[in-house]
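Worksheet: the structure to be examined is printed underneath.
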Amino acid sequence: MKIQIISLFPEMFAPVLETSMLWKAKDKGVVEYEYINLRTYGLGPRKTVDDTPYGGGDGMLLKPEPLFAAVEHAKIQDPEAFVYLMTPRGERLMQKRARELAQEGKGMIIICGRYEGYDERITTLVDRQVSIGDYVLTGGELPAMVLIDAVVRLIPGVLGGEKSAEIESFSHGDNLEFPQYTRPEDFRGMKVPEVLLSGNHAEIEKWRQAQSGSQKE
Ligand code: 58G
């Protein structure tokens with residue numbers, strides 16, 4: 001899966017995407033990241049990407065021309081890819097959607113905004129507007145990394161071999177919210193629940209079911 005990220009701060013991504021599980025996915029050739037600096041497509045000698053809003057108001061907006069040029073470049077690289085816009089006005093990201101995107105396996109072109117937002121005409125290029133929650137951040141970069149992390153770990157073959165991926169699809173990823181323990185059995189007087197030491201898998205399954213709050217889709 002090719003993931004192209006359009007941002008004014010592309011250097012924010014590598015430290016996150018090239019670490020741990022996300023790096024493994026890249027190392028295995030399951031995903032490929034490309035960072036596109038929106039500034040490259042800025043207008044004039046100053047490479048301008050922003051301007052004041054018509055009708056007045058505080059702050060600056062991203063101009064349409066650089067964003068269109070950047071998306072058109074990305075589309076040439078991957079014509080089948082879907083275009084995502086990270087915005088607090090988007091559809092809330094849920095585990096169910098992350099699973100669908102991982103399964104569908106199509107490339108992603110992710111637009112990260114800055115300032116007070118975008119010229120609305122950019123939405124004509126966008127397939128899906130995505131929000132990670134009801135709050136406003138200074139940029140779309142952190143939300144984009146959240147989206148990428150949520151999707152990439154669910155791509156078959158990424159999550160620690162077949163087994164975890166199987167468990168994930170089997171339980172639909174929604175019953176994994178039970179408490180877990182590792183060694184030692186007794187840590188500062190806090191003991192691991194007896195049932196987990198019993199070796200009785202039916203009982204353990206029952207206990208886990210009882211403990212898990214089912215996660216909202
Ligand atoms: C209003 C304010 C509209 C995503 C700012 C658009 C992006 C939160 C999320 C913006 C984001 C989220 C400018 C900075 C989008 C732009 C970006 N904040 N909740 N901020 O997923």
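Counting convention: from 1, in listed order, for ligands and their atoms alike. Just so it is clear, the model here is predicted, and its values are computed rather than measured. One-based numbering along the sequence shown.
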Query raised in the report: Should the pair Glu104-Arg128 be classified as a salt bridge under the 4.0 Å nitrogen-to-oxygen rule?
Result: yes
Report summary line: Checking heavy atoms under 4.0 Å, the part of Arg89 that sits near ligand 1 is neither
**Report entry** Atoms of ligand 1 close to Gly139 [distance to a heavy atom under 4.0 angstrom, numbered from 1]
**Finding:** 11 (C), 14 (C), 17 (C), 20 (N)
Query raised in the report: Under 4.0 Å between a Lys/Arg side-chain N and an Asp/Glu carboxylate O for Lys191 and Glu185?
Result: no
Query raised in the report: In the protein, which heavy atom is nearest to atom 8 (C) of ligand 1, and how far is it?
Result: Tyr135 O, 3.3 Å
Query raised in the report: Okay, side chain of Arg39, backbone of Lys47: is any donor-acceptor separation there less than 3.5 Å?
Result: yes
Query - Side chain, backbone, both or neither: Pro88 near ligand 1, heavy atoms under 4.0 Å - result: both
Query raised in the report: Does Tyr115 approach ligand 1 within less than 4.0 angstrom via side chain, backbone, both or neither, non-hydrogen atoms only?
Result: backbone
Query - Those atoms of ligand 1 less than 4.0 Å from some heavy atom in Pro143 - result: 4 (C), 9 (C), 21 (O)
Query - atom 19 (N) of ligand 1: nearest protein contact (heavy atom, Å) - result: Gly133 O, 2.8 Å
Query raised in the report: Relative to each other, are the rings of Phe82 and Tyr84 parallel, tilted or perpendicular (30° and 60° limits)?
Result: perpendicular
Report task. Specify the protein heavy atom at minimum distance from atom 16 (C) of ligand 1: its residue, its atom name, and the distance to 0.1 Å. Result -> Gly117 CA, 3.7 Å
Query raised in the report: Touching ligand 1 at all, Thr138? Heavy atoms, strictly under 4.0 Å?
Result: yes
Report task. Please report which non-hydrogen protein atom sits nearest to atom 20 (N) of ligand 1, along with the residue it belongs to and the distance in Å to one decimal place. Result -> Leu137 O, 3.1 Å
Requested in this report: State whether Arg114 and Asp50 are salt-bridged, where the test is any N-O pair (Lys NZ or Arg NE/NH1/NH2 against Asp/Glu carboxylate O) under 4.0 Å.
Outcome: no
Report task. Assess the side chains of Ser7 and Glu141: does a donor N or O sit below 3.5 Å from an acceptor N or O? Result -> yes
**Report entry** Contact atoms of ligand 1, heavy-atom distance to Thr87 under 4.0 Å
**Finding:** 4 (C), 7 (C)
Query raised in the report: Side chain of Ser198, backbone of Asn200: donor and acceptor closer than 3.5 Å?
Result: yes
Query raised in the report: Should the pair Tyr181 and Trp207 be assigned to parallel (<30°), tilted (30 to 60°) or perpendicular (>60°) ring geometry?
Result: tilted
Report summary line: Ranked by distance from atom 15 (C) of ligand 1, the top protein heavy atom is Tyr118 OH, 3.4 Å
**Report entry** Nearest-contact summary for atom 21 (O) of ligand 1 - protein heavy atom, Å
**Finding:** Ile132 N, 2.8 Å
Query raised in the report: Are the side chain of Gln4 and the backbone N or O of Ala74 linked by a donor-acceptor pair below 3.5 Å?
Result: yes
